[in-house]
Amino acid sequence: MSDSQLWDDVDGYFITHLSPDDDALAAARRESDAAGLPPVNVAANQGKLLQLLAQIQGARTVLEIGTLGGYSTIWLARALPADGRLVTLEYSARHAEVATRNIARAGLDTLVDVRVGPALESLPELADENPPPFDLVFIDADKGNNPHYLEWALRLTSTGSLIVVDNVVRGGRVADAGETADDVRGTRAAIELIGGHPRLSGTAVQTVGTKGYDGFALARVLA
């Protein structure tokens with residue numbers, strides 16, 4: 001058995017027992033596939049991790065950068081109280097349309113605000129609204145802009161907020177000093193910003209599973 005098949009099997013076991021899809025989640029995956037969206041949404045066990053992090057955080061407000069088909073959005077929104085708020089930013093209007101339908105089908109449209117356009121344009125507009133600090137920020141968009149998204153996350157959070165940056169391993173390329181691709185340079189810049197910023201305390205974890213060899217970074221906002 002190959003390593004990747006073993007990773008898939010183990011993920012399948014964990015998902016079956018700990019984070020199985022329900023009708024709304026399964027429909028979100030199915031509709032995203034049917035619409036031709038890239039198959040890069042988080043795995044079910046990773047979605048459950050996001051939900052648990054939001055619950056542990058006691059989150060009332062969540063900012064998501066990178067909506068895709070709304071699969072991770074559903075997991076996160078389910079962690080919020082009835083008067084909570086999740087703002088999710090999506091570059092592609094077509095992706096946002098699929099996500100909006102998926103979120104509504106899950107009964108979460110009253111909690112979720114889907115905004116369309118480049119996130120680096122949406123984020124200043126959001127900041128101008130002077131929203132309450134976000135309790136959790138999930139960054140899962142174009143990786144070259146990760147440091148910029150992280151800087152905006154710092155502006156839109158406060159002491160105790162949690163920032164999650166997805167896909168930081170880049171198949172191991174993040175540790176290759178000779179790698180100059182935008183996704184790797186952006187990810188490295190974000191990791192180094194977390195490591196050197198006086199208002200952040202963070203770590204990064206490697207993962208394997210149905211999404212291959214990857215990982216995520218966690219950072220807590222300090223005073």
Side-chain angles (χ1 to χ4, degrees), residues 7 40-43 45-68 72-73 75-76 79 86-89 91 118-124 126-127 131-209 211-223:
W7 299 343
V40 294
N41 54 273
V42 300
N45 52 345
Q46 296 167 346
K48 183 64 175 290
L49 175 61
L50 290 172
Q51 185 185 81
L52 288 170
L53 288 172
Q55 290 169 332
I56 292 166
Q57 187 71 1
R60 302 183 66 85
T61 56
V62 171
L63 172 62
E64 179 181 51
I65 303 175
T67 316
L68 195 62
S72 57
T73 317
W75 280 107
L76 284 165
L86 190 155
V87 177
T88 183
L89 311 179
Y91 176 84
L120 292 180
E121 295 178 8
S122 300
L123 286 163
L126 178 60
F134 288 95
D135 300 311
L136 186 148
V137 179
F138 179 46
I139 300 173
D140 189 16
D142 55 307
K143 310 309 173 185
N145 279 316
N146 272 345
H148 304 303
Y149 297 146
L150 184 57
E151 288 167 352
W152 274 107
L154 267 171
R155 297 186 200 185
L156 291 164
T157 53
S158 63
T159 303
S161 295
L162 182 66
I163 302 171
V164 183
V165 186
D166 203 10
N167 308 127
V168 298
V169 172
R170 315 309 300 158
R173 291 182 297 136
V174 71
D176 182 354
E179 178 63 73
T180 59
D182 283 349
D183 64 324
V184 173
R185 289 191 294 109
T187 299
R188 273 204 211 104
I191 294 295
E192 291 164 15
L193 179 58
I194 292 171
H197 201 287
R199 291 189 59 224
L200 291 173
S201 175
T203 191
V205 176
Q206 300 181 78
T207 62
V208 295
K211 309 306 291 186
Y213 173 40
D214 210 332
F216 59 92
L218 289 173
R220 187 171 186 266
V221 180
L222 306 176

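Only a predicted model underlies this, so the values are computations on that prediction, with no experimental measurement involved. The figures here come from the full heavy-atom set of this structure, side chains too, leaving out hydrogens, waters and symmetry mates.
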**OP:** Might you point out which heavy atoms bring Asp135 and Arg60 nearest each other, and give the distance in Å?
**Re:** OD2-N, 2.7 Å
Subject >> Side-chain heavy atoms of Tyr91 within contact of Thr67, under 4.5 Å >> reply: no
Original post:
Out of curiosity, Glu64 CD to Thr73 OG1, how far, rounded to the nearest 0.5 Å?
Top reply: 3.5 Å
Original post:
What are the two closest heavy atoms between Ala204 and Ile191, and how far apart are they?
Top reply: CB-CD1, 4.4 Å
Subject >> Side-chain (Gln57) to main-chain (Gly160) donor-acceptor, under 3.5 angstrom >> reply: yes
**OP:** Would you confirm whether Lys48, through its side chain, and Ala43, through its main-chain N or O, come within 3.5 Å as a donor-acceptor pair?
**Re:** no
Original post:
Do Leu123 and Tyr149 come within less than 4.5 Å of each other through their side chains, counting heavy atoms only?
Top reply: yes
Subject >> Heavy-atom closest contact (Ile194 atom, Ala217 atom, distance) >> reply: CD1-CB, 4.2 Å
**OP:** Working to the nearest 0.5 Å, report the span between NE2 of His148 and CG of Leu193.
**Re:** 10.5 Å
**OP:** Applying side-chain contact (heavy atoms from CB on, under 4.5 Å) between Phe138 and each of Val164, Thr88, Val165, report the one that passes.
**Re:** Val164
Original post:
Say you draw a straight line from CH2 of Trp7 to OG1 of Thr207; how long is it, rounded to the nearest 0.5 Å?
Top reply: 9.5 Å
Subject >> Salt bridge flag under 4.0 Å for residues Asp176 and Arg170 >> reply: no
Original post:
Got a second to check how far Leu89's CG is from Glu121's CD, nearest 0.5 Å?
Top reply: 11.5 Å
**OP:** Could you walk me through whether Leu218 and Leu53 pass the side-chain contact (heavy atoms from CB on, under 4.5 Å) test, one step at a time?
**Re:** CA-CA 10 Å; Leu218 289 173; Leu53 288 172; 4.0 Å; yes
Subject >> Separation of Leu136 CG from Leu63 CG (nearest 0.5 Å) >> reply: 9.0 Å
Subject >> Non-hydrogen side-chain atoms of His197 and Leu150 separated by less than 4.5 Å >> reply: no
Subject >> Asn145 side, atom CG; Leu120 side, atom CG - distance, nearest 0.5 Å >> reply: 4.5 Å
**OP:** Going by the side-chain contact (heavy atoms from CB on, under 4.5 Å) test, name the single residue among Val42, Asn146, Ile139, Ile65 that passes it with Asp166.
**Re:** Val42
Original post:
Does Leu200 reach the side chain of Val221, with side-chain heavy atoms less than 4.5 Å apart?
Top reply: yes
**OP:** Let me know which of Arg188, Gln206, Glu179 forms a side-chain contact (heavy atoms from CB on, under 4.5 Å) with Val174.
**Re:** Arg188
Original post:
Between Phe134 and Thr61, what is the shortest heavy-atom contact and its length?
Top reply: CA-OG1, 3.3 Å
Original post:
Do Asp183 and Arg173 come within less than 4.5 Å of each other through their side chains, counting heavy atoms only?
Top reply: yes
Original post:
What heavy-atom pair brings Gly186 and Pro147 nearest, and what distance separates the two atoms?
Top reply: O-CD, 3.1 Å
**OP:** Report yes if some heavy atom in the side chain of Leu222 is under 4.5 Å from a heavy atom in the side chain of Arg220; otherwise report no.
**Re:** yes
Original post:
Taking all atoms of both residues into account, what is the closest heavy-atom pair of Ala153 and Val137, and its distance?
Top reply: CB-CG1, 3.9 Å
